[in-house]
Asks: 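Could you have a look at this structure, given as structure tokens, before my questions?
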Amino acid sequence: MAVALQAPGHLAPVRGIRLAARAAGIRYRDREDLVLIDAGPDAAIAALFTRNAFCAAPVHVAREHLAAGSPRWLLVNAGNANAGTGTAGLAASRATCADLGRILGVPAQSVLPFSTGVIGEPLPVERIAAALPALAEGLDADGWLAAARAIMTTDTVPKGASRTIALSGGTVTLTGIAKGSGMIHPDMATMLAFIGTDAGLDADLLRQLLTEAVTHSFNAITVDGDTSTNDAVACIASGASGVTVSSGPDLERIAAALNAVCLELAEAIVRDGEGATKFVRVTVQTARDRNEARRVAEVVALSPLVKTALFASDPNWGRILAAVGRAGVRDLRIEDVGIAVNGVRIVAAGGRAPGYTEEAGQQAFGAAELDIVIDLARGGAGYRKYTCDFSYDYVRINADYRS
């Protein structure tokens with residue numbers, strides 16, 4: 001079960017953006033698994049993709065189509081990653097774009113393809129093609145929640161977030177959806193996510209805002225240390241509100257809203273981590289610089305021994321201390337390190353904190369949400385990482401996924 005996470009009851013429509021979800025039978029029976037997003041005729045689209053060298057065919061094709069011009073349509077399938085499929089996979093991804101283009105009367109290059117699911121299986125182009133007419137006919141501004149459900153794989157709940165903000169020229173909305181539960185680790189977005197706003201934003205500015213938002217959200221989460229071949233996040237600015245944003249306080253407000261939506265979606269992915277029973281924030285502070293803080297936070301958040309201790313609610317704080325010690329921090333004075341968990345001071349001066357008791361540690365580690373705070377006493381920089389525990393179910397889910 002996801003940790004303190006429920007499916008959104010409603011996601012706010014975004015003027016100018018329509019979505020549809022239909023069942024194509026790609027891998028799943030009796031559920032929608034194909035999504036079409038219409039960004040609108042005047043939209044700007046920015047997208048970031050995995051840096052995994054073994055990236056999937058749709059990643060290659062989406063990059064090509066983004067570079068070729070101004071795309072309007074996003075086609076997403078779940079159940080099949082179309083990764084590890086070679087030239088046949090590239091041809092399949094291009095064929096789905098061409099099939100949709102013929103139905104809509106638009107160039108194939110105006111379609112961005114996205115896929116998620118099992119690696120190494122041929123994409124069933126015929127099944128997708130058969131579902132496209134009904135998909136195109138079903139476009140609806142209220143289609144966000146249906147789309148969030150359709151892109152799920154091992155997720156247990158759909159993930160979505162909305163914000164409405166007042167700008168000097170009027171009110172604008174941001175809504176986003178995401179999928180992700182396993183193969184979650186930063187090297188871009190570590191999942192699929194689609195975010196839309198009806199504000200008017202230049203494509204270059206939109207990409208800058210998205211890059212910054214991803215840095216502190218999707219690039220700050222980990223479930224298992226594995227980065228997918230298909231990771232992508234796309235952000236659409238339809239401009240349909242008539243409110244154009246380029247600088248000043250309005251830009252700051254929309255940047256803050258985009259950051260908030262991305263962080264809510266990123267946290268939802270970790271809360272729904274495969275087999276997760278704990279949601280964990282690892283905060284490193286008083287580091288010499290941000291990179292140092294990030295390295296320490298990442299080593300702690302990725303440690304299987306730390307994550308299994310968290311699952312057991314075992315206050316085995318030595319595992320955290322050992323992870324800090326192997327993070328490669330140059331000239332680290334372990335006698336200066338302090339660690340607290342949910343406000344319980346556990347480590348001081350590199351050892352057990354005075355007054356610490358096993359009972360207090362047990363209570364802190366037994367919580368469903370944990371804040372691990374690590375003081376390095378080396379400077380003024382910090383970093384926060386979001387992770388979860390490792391349970392028996394993580395192994396079961398991944399052992400059974402292809403079966």
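The shown structure was predicted, so the numbers you read here are calculated from the model rather than taken from an experiment. Computed over heavy atoms, backbone and side chain alike; hydrogens, waters and symmetry mates excluded.
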Asks: Side chains of Lys385 and Thr222: is there a donor and an acceptor less than 3.5 Å apart?
Replies: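 Result is no, nothing qualifies.
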Asks: Using 30° and 60° as the class limits, which term best fits the ring planes of Phe114 and Phe49: parallel, tilted or perpendicular?
Replies: parallel
Asks: In terms of side-chain geometry, is the basic nitrogen of Arg281 or Asp371 positioned less than 4.0 Å from the acidic oxygen of its partner?
Replies: yes
Asks: Any sub-3.5 Å donor-acceptor pair from Thr387's side-chain atoms to Ala301's backbone N or O?
Replies: yes
Asks: Okay, side chain of Ser217, backbone of Ala213: is any donor-acceptor separation there less than 3.5 Å?
Replies: yes
Asks: Is any side-chain heavy atom of Ser181 closer than 4.5 Å to one of Thr156?
Replies: no
Asks: Would you say Asp155's side chain and Gly180's backbone share a donor-acceptor pair under 3.5 angstrom?
Replies: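 Yes, Asp155 side chain to Gly180 backbone: donor-acceptor pair under 3.5 Å.
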Asks: Carefully, step by step, assess Leu174 and Leu258 under the rule side-chain contact (heavy atoms from CB on, under 4.5 Å).
Replies: CA-CA 7 Å; Leu174 295 89; Leu258 180 60; 4.1 Å; yes
Asks: May I have the step-by-step check of salt bridge (charged side-chain N to carboxylate O under 4.0 Å, His left out) for Lys278 and Glu369, ending in yes or no?
Replies: CA-CA 6 Å; Lys278 305 284 181 74; Glu369 298 195 24; over 6 Å; no
Asks: Mind checking the CG-OG1 spacing from Leu305 to Thr308? Nearest 0.5 Å is all I need.
Replies: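 One gets 5.0 Å once the value is rounded to the nearest 0.5 Å.
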Asks: Quick one: do the Asn77 and Ser115 side chains pair a donor with an acceptor below 3.5 Å?
Replies: yes
Asks: Looking only at non-hydrogen atoms, find the nearest pair between Val223 and Val270 and report the distance.
Replies: CG2-CA, 4.4 Å
Asks: Once you round to the nearest 0.5 Å, how far does CG of Leu90 lie from CG of Asn82?
Replies: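 Going from CG on Leu90 over to CG on Asn82, the span is 7.5 Å.
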Asks: Please determine whether a side-chain nitrogen of the Lys or Arg among Asp33 and Arg27 lies less than 4.0 Å from a carboxylate oxygen of the Asp or Glu.
Replies: no
Asks: CG of Leu209 to CG of Leu201: how many Å apart, nearest 0.5 Å?
Replies: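 If we round to the nearest 0.5 Å, Leu209:CG and Leu201:CG are 6.0 Å apart.
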Asks: Please determine, by modelled atom types, if Thr96 and Asp99 share a side-chain donor-acceptor pair under 3.5 angstrom.
Replies: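 Short answer, no.
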Asks: If you measure from the Lys or Arg side-chain nitrogens to the Asp or Glu carboxylate oxygens, is any gap between Glu292 and Arg378 under 4.0 Å?
Replies: yes
Asks: Answer yes or no: is there a side-chain heavy-atom contact under 4.5 Å between Leu36 and Leu74?
Replies: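 Not in contact.
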Asks: Taking Asp202 for the side chain and Leu205 for the main chain, is one N or O donor matched with an acceptor at less than 3.5 Å?
Replies: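 Side chain of Asp202 to backbone of Leu205: a pair is present.
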Asks: So, does Thr50 use its side chain to make a donor-acceptor pair with the main chain of Asp231 at under 3.5 Å?
Replies: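 Absent.
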Asks: With side-chain contact (heavy atoms from CB on, under 4.5 Å) as the criterion, how do Trp317 and Val341 come out once you've worked through the C-alpha distance, each side chain's angles and the decisive distance to 0.1 Å?
Replies: CA-CA 9 Å; Trp317 54 265; Val341 177; over 6 Å; no
Asks: Let's go through Arg253 and Val245 carefully: what are the C-alpha distance in whole Å and the side-chain angles of both, what is the deciding distance for side-chain contact (heavy atoms from CB on, under 4.5 Å) to 0.1 Å, and is it a yes or a no?
Replies: CA-CA 10 Å; Arg253 290 189 190 101; Val245 179; over 6 Å; no
Asks: Could you tell me whether a side-chain N or O of Ser110 sits under 3.5 Å from a main-chain N or O of Pro107, the two making a donor and an acceptor?
Replies: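 Judged by distance alone, yes, a pair lies under 3.5 Å.
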Asks: In Å, rounded to the nearest 0.5 Å, how long is the span from OG1 of Thr154 to CG of Asn398?
Replies: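 That separation rounds to 7.0 Å.
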Asks: For residues Ile119 and Gly84, report the shortest heavy-atom separation together with the two atoms involved.
Replies: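 That would be CG2-N, 4.5 Å.
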Asks: Quickly, which of Val296, Val329, Val284 forms a side-chain contact (heavy atoms from CB on, under 4.5 Å) with Val324? Name it, please.
Replies: Val296
Asks: Dump the intermediate steps for salt bridge (charged side-chain N to carboxylate O under 4.0 Å, His left out) on Lys159 and Glu264, then the final yes or no.
Replies: CA-CA 9 Å; Lys159 301 166 179 68; Glu264 184 173 340; over 6 Å; no
Asks: Can you tell me how far apart CG (Leu265) and CE (Met191) are? Round to the nearest 0.5 Å.
Replies: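 One gets 7.5 Å once the value is rounded to the nearest 0.5 Å.
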Asks: For residues Val125 and Ile128, determine if any side-chain heavy atom of one lies less than 4.5 Å from a side-chain heavy atom of the other.
Replies: no
Asks: With a 4.5 Å limit on heavy-atom distance, are the side chains of Leu376 and Asp336 in contact?
Replies: no
Asks: Asp198 versus Ile17: any side-chain heavy-atom pair under 4.5 Å?
Replies: no
Asks: What I'd like to find out is whether the side chain of Leu75 reaches to under 4.5 Å of the side chain of Val35, using heavy atoms alone.
Replies: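 Not in contact.
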Asks: Would you say that Phe365 contacts Asn342 through its side chain, given a criterion of any heavy-atom pair below 4.5 Å between the two side chains?
Replies: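 No, side chains not in contact.
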Asks: Do Arg384 and Thr283 have a side chain donor and acceptor closer than 3.5 Å?
Replies: yes
Asks: May I ask you to check if Arg352 and Tyr356 form a cation-pi contact, with NZ or CZ under 6.0 angstrom from the six-membered ring centre and within 45° of the axis?
Replies: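 Geometry flag: not set, cation outside 6.0 Å or 45°.
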Asks: Might you point out which heavy atoms bring Val172 and Ile254 nearest each other, and give the distance in Å?
Replies: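 Looking at all heavy atoms of both residues, the closest pair is CG2-CD1, 4.4 Å.
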Asks: Nearest 0.5 angstrom please: Glu267 CD to Ile221 CD1, how far?
Replies: 9.5 Å
Asks: Can Asn80 and Glu121 be counted as having a side-chain donor-acceptor contact under 3.5 angstrom?
Replies: no
Asks: Answer yes or no: is there an ion pair linking Glu64 with Arg94, defined by an N-O contact shorter than 4.0 Å?
Replies: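 Salt bridge: yes.
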Asks: With a 6.0 Å cut-off (strictly less than), is the heavy-atom count around CD of Glu335, excluding the residue itself, greater than 12?
Replies: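 Enclosed: over 12 neighbouring heavy atoms sit under 6.0 Å from CD of Glu335.
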Asks: Taking all heavy atoms of Leu145 and all of Gly9, pick out the closest pair and write down the distance.
Replies: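 Scanning both residues completely, I find the closest heavy atoms to be CD2-O, 3.9 Å.
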Asks: Any non-hydrogen side-chain atom of Val233 less than 4.5 Å from a side-chain atom of Leu192?
Replies: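 No, too far: nothing below the 4.5 Å cut-off.
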Asks: Is a side-chain N or O of Thr175 found less than 3.5 angstrom from the main chain of Leu11, in a donor-acceptor match?
Replies: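 No: the side chain of Thr175 does not pair with the backbone of Leu11.
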Asks: Would you name the heavy atoms of Ala23 and Ala131 that are closest together and state the gap between them?
Replies: O-CB, 4.1 Å
Asks: Shortest non-hydrogen contact from Asn230 to Pro58?
Replies: ND2-CG, 4.1 Å
Asks: Quick one: does NZ or CZ of Arg271 land under 6.0 Å from the six-membered ring centre of Phe279, within 45 degrees of the ring axis?
Replies: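 Yes; both conditions hold, so Arg271 lies above the ring face of Phe279.
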Asks: Give a yes or no on whether a salt bridge exists between Glu212 and Arg207, defined as a side-chain N under 4.0 angstrom from a carboxylate O.
Replies: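 Salt bridge flag = no for Arg207 with Glu212.
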Asks: Step by step, work out the side-chain contact (heavy atoms from CB on, under 4.5 Å) result for Asp38 and Leu19.
Replies: CA-CA 6 Å; Asp38 174 11; Leu19 306 91; over 6 Å; no
Asks: Give a yes or no answer on whether the side chain of Asp314 reaches the backbone of Ala309 with a donor-acceptor pair at less than 3.5 Å.
Replies: no
Asks: Is there a donor-acceptor contact under 3.5 Å from the side chain of Thr85 to the main chain of Ala88?
Replies: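 Absent.
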Asks: For the ring-ring contact (aromatic ring centres under 6.0 Å, His included) test, which of Tyr394, Phe390, Tyr392 pairs with Phe311?
Replies: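 Single ring-ring contact (aromatic ring centres under 6.0 Å, His included) partner of Phe311 among Tyr394, Phe390, Tyr392: Tyr392.
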Asks: Output yes when a side-chain donor or acceptor of His65 lies under 3.5 Å from a complementary backbone atom of Val111, and no otherwise.
Replies: yes
